*Asks:* 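Sharing a structure with you now.
Predicted model only: the values in this text are computed from it and were never measured. Side chains are part of it too, since the values below use all heavy atoms of this structure and drop only hydrogens, waters and symmetry mates.
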Amino acid sequence: MKAGDLPPIDDPEPLTGGELGNAELSTLAPSALFDLNQAAMDDAVPDRPLIAPLAPMSVLRAEYENGNQVFVQQIDWLGEHGYIGIRRTRGDGDCFYRSLAFAYIERILNSADPILAAVQAVSRLESTQEMLEAVGFQRLVFEDFLEMFTTLIKRIVEPEPGVPMLTAKGLLEAFNAPEVSNSVVVYLRLLTSAQIRIDPDAYAPFLFHPELAIPMEPREFCENFVEAVGKEADHVQITALTRALCVNIFVAYLDGRLRTRSVSNNDKGKGKEREAVEVEFVEFQNGEEGLDPVRLLYRPGHYDILDSRCEEPDVDMEMA
Amino acid sequence: MSTNCRRRLIRDFKRLSSDPPGGISGSPCPDNIMLWNAVIFGPVDTPFEDGTFKLLLTFDESYPTKPPTVKFLSRMFHPNVYANGELCLDILQNRWSPTYDVAAILTSIQSLLHDPNPNSPANAEAAQLYRENMKEYVRRVKATVEESWLDPEEQEKMAVEGASGGQ
């Protein structure tokens, strides 16, 4: 676990009482403080869409040019390895789930046989309901969220009357509509939680409080750090969710660290060590066949989507 | 208005009226489904026993992705309830999950009544008495129990008199 990599988590405790030494803050009601905090966070990312259109990696590079040069070199490394584009997500704590969901559907759209892939995905998702019920979630709690998710994927095959077929553009619009986007995120959170709860022995050794680093019971961990809106995902959640969805996912860690690496024998025939800038991909393999893995980019505290394209495909290309 | 939000509120109401957890009740205002009045009965064997505490729940379009705002209308004396009736409860702030419905929210508040969290005080005096002078704490809580039986106008009058009397 990399507790230090997680974004700060709102902790109500330091905000109360007079110890804070900030009379103005301490007199605010918790809801007011929460709003204030939320507003500050919204300000920090002005008008960032929930999921942005594709942008060239150079946009991200420009943000690091005056900072840590290892980051810059890692971004260049990604570019050299074909990852020339990035689709950024809002840093609201839901970014892993939102990125994964978007990439999951986009991959179906772009697959060789989108209809088959869509049908398989819908059937997979619908089959997960049993697991949610088995761990005690009530159908009425999750069915609306699931329906929102599957309706979106079904638009690839046969949209409801009056609704257009799903295109890349339509997918981006859907993910920027909070009701649709957040419903999908919520379903993925519940699915992650169910996967951990139904197989607690597999996850228990890895369930730690992200700040206090103390072990937690599966139920407590899930309620606090999986089901709760805005709580970022770490390795455990990613493992559980990708297993539940049967999806392969590669996460590129942009961490600003140099790695010592032995130069491979195929290279120059010598096994000597050197410091090298590269980007590690952590692979979550779940035996999925036929589709490319989902590729995400992790920077401490945040996930975006990696892409080998640097701009949105235009409509003509989509029709072709 | 978001259909998801409306559908969910209707279901919350159905669930709350068909299978109500003990000691709580709630319903939307007849002309506005986004505003709910609720009552929590003080749990037995606690200083809050026999109290009928009224609350107002305000929902917006983002429910159930975001929590409603919840406020006591009855005057409360509790370590985690502010003077204006707002309360300090993790599931309504940074631990919200759409798995909580109105019944779950009210049940959590009910259990907060007899199981306060003095580490996160919204009412410093109540928190201190709870820790250091249980007898006085119980006396003060019981006063709010009696007030809770009055209708809101009478309660307001008493609160004004209580405030001027205390100075």
*Asks:* Can you give each donor-acceptor pair under 3.5 Å made by side-chain atoms of residues 187-196 of chain A, sequence neighbours left out, with the distance rounded to 0.1 Å?
*Replies:*
| unit_1 | atom_1 | unit_2 | atom_2 | d |
| --- | --- | --- | --- | --- |
| A/Tyr187 | OH | A/Thr128 | OG1 | 2.8 |
| A/Arg189 | NE | A/Asp94 | OD1 | 3.2 |
| A/Arg189 | NH1 | A/Val226 | O | 2.8 |
| A/Arg189 | NH1 | A/Ala228 | O | 3.1 |
| A/Arg189 | NH1 | A/Lys231 | O | 3.0 |
| A/Arg189 | NH2 | A/Gly93 | O | 3.1 |
| A/Arg189 | NH2 | A/Asp94 | OD1 | 2.5 |
| A/Arg189 | NH2 | A/Lys231 | O | 2.9 |
| A/Thr192 | OG1 | A/Leu188 | O | 2.6 |
| A/Ser193 | OG | A/Arg197 | NE | 3.0 |
| A/Ser193 | OG | A/Glu227 | OE2 | 2.6 |

*Asks:* Just wondering, do B/Arg11 and A/Asp144 contact through their side chains at under 4.5 Å, heavy atoms?
*Replies:*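 Result yes, sub-4.5 Å side-chain heavy-atom pair found.
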
*Asks:* For the residue pair A/Ser183 and B/Asn4, establish whether any side-chain heavy-atom pair is separated by less than 4.5 Å.
*Replies:*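 Touching, per the 4.5 Å side-chain cut-off.
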
*Asks:* Please look at A/Phe145 and chain B and tell me whether the side chain, the backbone, both or neither of the residue comes under 4.5 angstrom of a heavy atom of that chain.
*Replies:*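 When you check distances to chain B, only side chain atoms of A/Phe145 fall under 4.5 Å.
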
*Asks:* Is A/Glu133 atom CD crowded by more than 12 heavy atoms from other residues, nucleotides or ligands, each under 6.0 Å away?
*Replies:*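 Yes.
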
*Asks:* Taking side-chain contact (heavy atoms from CB on, under 4.5 Å) as the definition, give me every residue that meets it alongside A/Thr89, ordered by chain and number, with sequence neighbours left out.
*Replies:*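 Result, side-chain contact (heavy atoms from CB on, under 4.5 Å) vs A/Thr89: A/Ile51, A/Cys95, A/Ser99, A/His302, A/Asp304.
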
*Asks:* Looking at A/Lys154, I want to see if its NZ is surrounded by more than 12 non-hydrogen atoms of other residues, nucleotides or ligands under 6.0 Å.
*Replies:*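 Result for NZ/A/Lys154: enclosed.
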
*Asks:* Where do B/Pro98 and A/Val229 come nearest, in terms of heavy atoms and distance?
*Replies:*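 Minimum heavy-atom contact is CD-CG2, 3.6 Å.
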
*Asks:* Side chain, backbone, both or neither: which part of A/Glu223 has an atom under 4.5 Å from a heavy atom of chain B?
*Replies:*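 Backbone plus side chain of A/Glu223, per the 4.5 Å heavy-atom cut-off to chain B.
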
*Asks:* Answer yes or no: are there more than 12 heavy-atom neighbours, outside B/Glu132 itself, under 6.0 Å from its atom CD?
*Replies:*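 Counting other residues, nucleotides and ligands, CD of B/Glu132 exceeds 12 neighbours.
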
